[in-house]
Amino acid sequence: MTKHYIEDLSKYVGEEVEIKGWLYNKRSSGKIRFVILRDGTGLAQCVIVKNNVTEEVFNSFDTLTQESSLILKGKVRKEDRAPGGYEIETTDIRIVHIASEYPITPKEHGIEFLSDLRHLWLRSAKQHAIMRVRHEIIRSIREFFDNRGFTLMDAPIFTPAACEGTSTLFETEYFDLGKAYLTQSGQLYGEAGAMAFGKIYVFGPTFRAEKSKTRRHLTEFWMVEPEVAWNDLNDNMELAEDFLEHIVTSVLKNRSNELKVLERNTEKLEKVKKPFPRVAYTEAVEILKKNGVDFQWGNDFGGTDETIISSQFDRPVIVHRYPTEVKAFYMKRDPENPKVALAMDILAPEGYGEIVGGSQREDDYDALVHRIKEHNLPMEAFEWFLDLRRYGSVPHAGFGLGIERTVSWICGLEHIRETIPFPRMIYRLTP
RNA sequence: UCCGCGAUAGCUCAAUGGUAGAGCAUGCGGCUGUUAACCGCAGGGUUGUAGGUUCGAGUCCUACUCGCGGAGCCA
């Protein structure tokens with residue numbers, strides 16, 4: 001027998017199907033009863049009419065508790081009164097397991113309660129929709145790079161030193177070799193990859209031990225980081241533009257049902273088409289001043305600053321050429337103005353903040369050595385990295401995209417903790 | 001680390017310093033088109049912890065613990 005899934009119900013109108021799933025909710029009106037069945041692909045309303053089934057099947061309804069697992073057989077029909085437009089007229093129910101009293105009831109719950117029950121919360125419709133959008137985002141990211149001849153190159157998670165020297169790192173003992181740190185970016189390794197393969201992308205988890213406690217922060221989050229040999233800042237911005245447009249287009253095309261569940265305003269996502277507006281840091285500072293912010297040239301933008309800048313535009317905005325001081329040591333200075341780096345960030349619309357950070361890299365040996373010293377970084381740890389400038393150095397550029405912030409923006413969520421199956425935050429390590 | 005808010009039934013929340021309640025969930029009963037169904041009945045409490053003020057504290061005061069939001073830092 002072919003396997004039937006709820007997301008395919010429209011293909012089976014008039015046919016008998018067998019759905020294996022869990023009871024999401026149930027309602028009764030005496031001799032007609034409704035089971036909302038969940039199978040991982042969607043929800044289906046199954047109607048049980050007393051005269052159409054055996055007494056045993058009809059009465060089994062009474063024993064079913066929320067999240068009990070069962071195998072249900074019935075005939076599919078179009079039914080406007082059913083959520084989703086299709087309904088299963090039940091002919092048989094086989095109970096697999098009667099669930100204990102399920103803690104997540106179909107009413108409101110607090111965030112602490114739900115977070116403690118994250119392993120069960122993932123079954124809820126909204127969380128289910130978010131995870132499916134997350135998957136589509138990741139799928140479309142791989143598709144984008146794979147179709148353009150990029151090689152996937154995984155970077156290590158244990159690293160010997162800070163890669164940017166700014167953020168706080170998680171530290172762990174590493175046998176007889178002293179301390180190891182959990183990576184905060186795969187970028188330096190990505191640069192080695194770009195020199196070997198030309199075009200690569202690193203895709204993996206990254207870790208920040210910052211004591212940030214906001215709706216935009218996790219201690220463990222995923223980043224995708226393309227790095228391309230021979231690309232300059234402009235090439236980098238164009239790549240990022242194409243990339244974001246591809247992701248948003250894919251979600252709109254393949255996950256429209258999920259966006260509907262999330263009540264996402266898709267009109268705003270439809271506008272995410274290149275070219276994106278590009279403003280130099282110095283122009284962005286002017287925008288802030290015009291909006292009454294007392295902002296000093298040379299500082300980095302805060303969350304509220306980013307929101308003001310991005311609210312001027314109807315699509316993601318690229319801010320480029322930041323002051324050298326606020327950016328990482330490996331970013332190349334602008335030959336036309338050494339006060340700024342050839343860096344670029346992309347700010348998502350609707351106040352979702354920085355989702356992309358990137359730059360053209362410093363490819364000159366002497367300049368890079370100088371920057372490492374300037375930042376007080378341990379030179380020994382970067383000897384291998386300097387080799388990339390000793391043996392056939394070329395201009396190159398890349399960027400990093402934070403997956404969870406992207407999911408948060410595309411889904412229109414209040415908090416980043418719902419964008420990853422099991423969030424890790426400063427005060428949460430479980431479940 | 002700093003600033004602000006909060007903790008009462010399994011869950012979400014009420015309760016002038018004076019008898020701790022409601023909705024949901026659970027159990028029992030009713031209903032042939034329900035949409036977080038609805039209607040009736042029932043069980044369910046060391047009011048976060050430790051002190052203090054008071055004739056009397058869920059309520060006022062102090063400390064602590066935990067949680068939430070934000071700042072800084074960052075993707």
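Sequence lines set the chain letters: A, B, ... in the order given, protein chains first and strands last, and positions in each chain run from 1.
- Comparing the C1' positions of B:G23 and B:A15 gives a spacing of 15 Å, expressed to the nearest Å.
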Check nucleotides 27-31 of chain B for protein N or O atoms closer than 3.5 Å to its own N or O atoms and list the pairs.
{"residue": "B:C31", "atom": "N3", "partner": "A:Gly30", "partner atom": "N", "Å": "3.2"}
{"residue": "B:C31", "atom": "N4", "partner": "A:Ser28", "partner atom": "OG", "Å": "3.2"}

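- Checked against ring pair (Phe, Tyr, Trp, His ring centres under 6.0 Å), A:Tyr189 has the following partners two or more places apart in sequence or in another chain: A:Trp384.
- The residue A:Lys50 sits apart from the nucleic acid: no heavy atom pair falls under 4.0 Å.
- Remark: of the listed residues A:Leu9, A:Leu37, A:Val35, A:Val47, A:Leu9 is the sole one forming a side chain to side chain contact (heavy atoms under 4.5 Å, CB included) with A:Ile88.
- Following rounding to the nearest Å, A:Asp300 (CG) and B:A71 (P) show an atom-to-atom distance of 14 Å.
- Legend: residues meeting ring pair (Phe, Tyr, Trp, His ring centres under 6.0 Å) with A:Phe144, ordered by chain and number and at least two apart, are A:Phe243, A:His246.
- Expressed to the nearest 0.5 Å, how far CG of A:Leu401 lies from OG1 of A:Thr406 amounts to 3.5 Å.
- Across all strands shown, A:Arg428 has no heavy atoms under 4.0 Å from either base or sugar-phosphate atoms.
- Summarising the geometry, the separation between CD1 on A:Ile426 and C1' on B:C68 is reported as 14 Å, rounded to the nearest angstrom.
- For the P atoms, the distance linking B:U54 with B:U59 amounts to 16 Å, nearest Å.
- Residues satisfying the salt bridge (charged side-chain N to carboxylate O under 4.0 Å, His left out) criterion with A:Arg134, sequence neighbours excluded, are A:Glu404.
- Only the P atoms considered, B:U16 is 14 Å distant from B:A20, to the nearest whole Å.
- A:Leu413 places its CG atom 16 Å from the C1' atom of B:A75, with the value rounded to the nearest Å.
- The P atoms of B:G21 and B:G33 are separated by 38 Å, rounded to the nearest whole Å.
- Within the model, atoms CE of A:Met131 and CD of A:Glu136 stand 14.5 Å from one another, a figure rounded to the nearest 0.5 Å.
- B:G72 atom C1' lies 12 Å from atom CG of A:Asn299, rounded to whole Å.
- Every residue two or more places apart in sequence or in another chain that forms a ring pair (Phe, Tyr, Trp, His ring centres under 6.0 Å) with A:Phe301 is listed here: A:Tyr281, A:Phe295, A:Tyr322.
- Pairs passing the salt bridge (Lys or Arg N to Asp or Glu O under 4.0 Å) check and including a residue from residues 421-431 of chain A, sequence neighbours excluded, read A:Asp116-A:Arg428.
- Contacts of A:Arg333 classified as salt bridge (charged side-chain N to carboxylate O under 4.0 Å, His left out), with partners at least two apart in sequence or in another chain: A:Glu374.
- Residues passing the ring pair (Phe, Tyr, Trp, His ring centres under 6.0 Å) test with A:His109 are A:Phe113, sequence neighbours excluded.
- Between the P atom of B:U32 and the CD1 atom of A:Ile48 lies a distance of 15 Å, rounded to the nearest Å.
- Atom C1' of B:G18 sits at a distance of 28 Å from the matching atom of B:A63, rounded to the whole Å.
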Polar-atom pairs under 3.5 Å, protein N or O versus N or O of nucleotides 8-12 of chain B: list them with distances, or write none.
{"residue": "B:C11", "atom": "O2'", "partner": "A:Glu108", "partner atom": "O", "Å": "3.3"}
{"residue": "B:C11", "atom": "O2'", "partner": "A:His109", "partner atom": "ND1", "Å": "2.4"}
{"residue": "B:U12", "atom": "OP1", "partner": "A:Gly110", "partner atom": "N", "Å": "2.9"}
{"residue": "B:U12", "atom": "O4'", "partner": "A:Glu108", "partner atom": "O", "Å": "3.4"}

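- Interface remark: the A:Lys211 side chain does not form any donor-acceptor pair with the B:G72 base, using a distance-only criterion of under 3.5 Å.
- A:Glu87 comes within 4.0 angstrom of a base, heavy atoms only.
- The side-chain ring of A:Tyr427 is not stacked on the base of B:G67, judged by centre separation under 5.5 angstrom and plane angle under 30 degrees.
- Closest contact between the side chain of A:Met223 and the listed nucleotides B:C73, B:A75, B:U34 involves B:A75.
- Close to B:G69, at under 4.0 Å from its OP1 or OP2, lies a side-chain N or O of A:His415.
- Note: A:Tyr12 and A:His4 have perpendicular aromatic rings, judged against thresholds of 30 and 60 degrees for the angle between ring planes.
- The side chain of A:Gln45 has B:G33 as its nearest neighbour among B:G33, B:G69, B:A75.
- For the ring pair (Phe, Tyr, Trp, His ring centres under 6.0 Å) condition, no pair includes a residue of residues 47-88 of chain A, sequence neighbours left out.
- Spacing between B:U34 and B:C39 at atom P, rounded to whole Å, works out to 14 Å.
- The distance between atom CG of A:Leu169 and atom P of B:C73, rounded to the nearest whole Å, is 17 Å.
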Return one dot-bracket line describing RNA chain B 5' to 3' (Watson-Crick or G-U wobble pairs, both distances under 3.5 Å; ( ) same strand, [ ] crossing, | another strand, . none). (((((((..((((....[..)))).(((((.......))))).....(((((..]....))))))))))))....
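- Spacing between B:U62 and B:U53 at atom C1', rounded to whole Å, works out to 11 Å.
- You'll find that the side chain of A:Asn51 is closest to B:U32, out of B:A75, B:C73, B:U32.
- Atom name P, nucleotides B:A25 and B:G6: the rounded distance is 30 Å, in whole Å.
- Protein atom CZ of A:Arg216 is 8 Å distant from nucleotide atom C1' of B:C74, rounded to whole Å.
- Interface remark: the A:Ser212 side chain does not form any donor-acceptor pair with the B:C74 base, using a distance-only criterion of under 3.5 Å.
- Residues A:Asn25 and A:Glu306 each lie close to RNA chain B; by heavy-atom proximity, the contact nearer the 5' end of the strand is made by A:Asn25.
- At the heavy-atom level, A:Gln66 lies nowhere under 4.0 Å from the strands shown.
- Here the CZ atom belonging to A:Arg264 is positioned 14.5 Å from the OG atom belonging to A:Ser256, to the nearest 0.5 angstrom.
- Counting to the nearest Å, the P atom of B:G33 and the CZ atom of A:Arg77 are 13 Å from each other.
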Residues 302-309 of chain A side chain polar contacts: donor-acceptor under 3.5 Å, at least two apart:
{"residue": "A:Asp305", "atom": "OD2", "partner": "A:Gly302", "partner atom": "N", "Å": "2.8"}
{"residue": "A:Glu306", "atom": "OE1", "partner": "A:Glu354", "partner atom": "N", "Å": "3.3"}
{"residue": "A:Thr307", "atom": "OG1", "partner": "A:Gly303", "partner atom": "O", "Å": "3.0"}

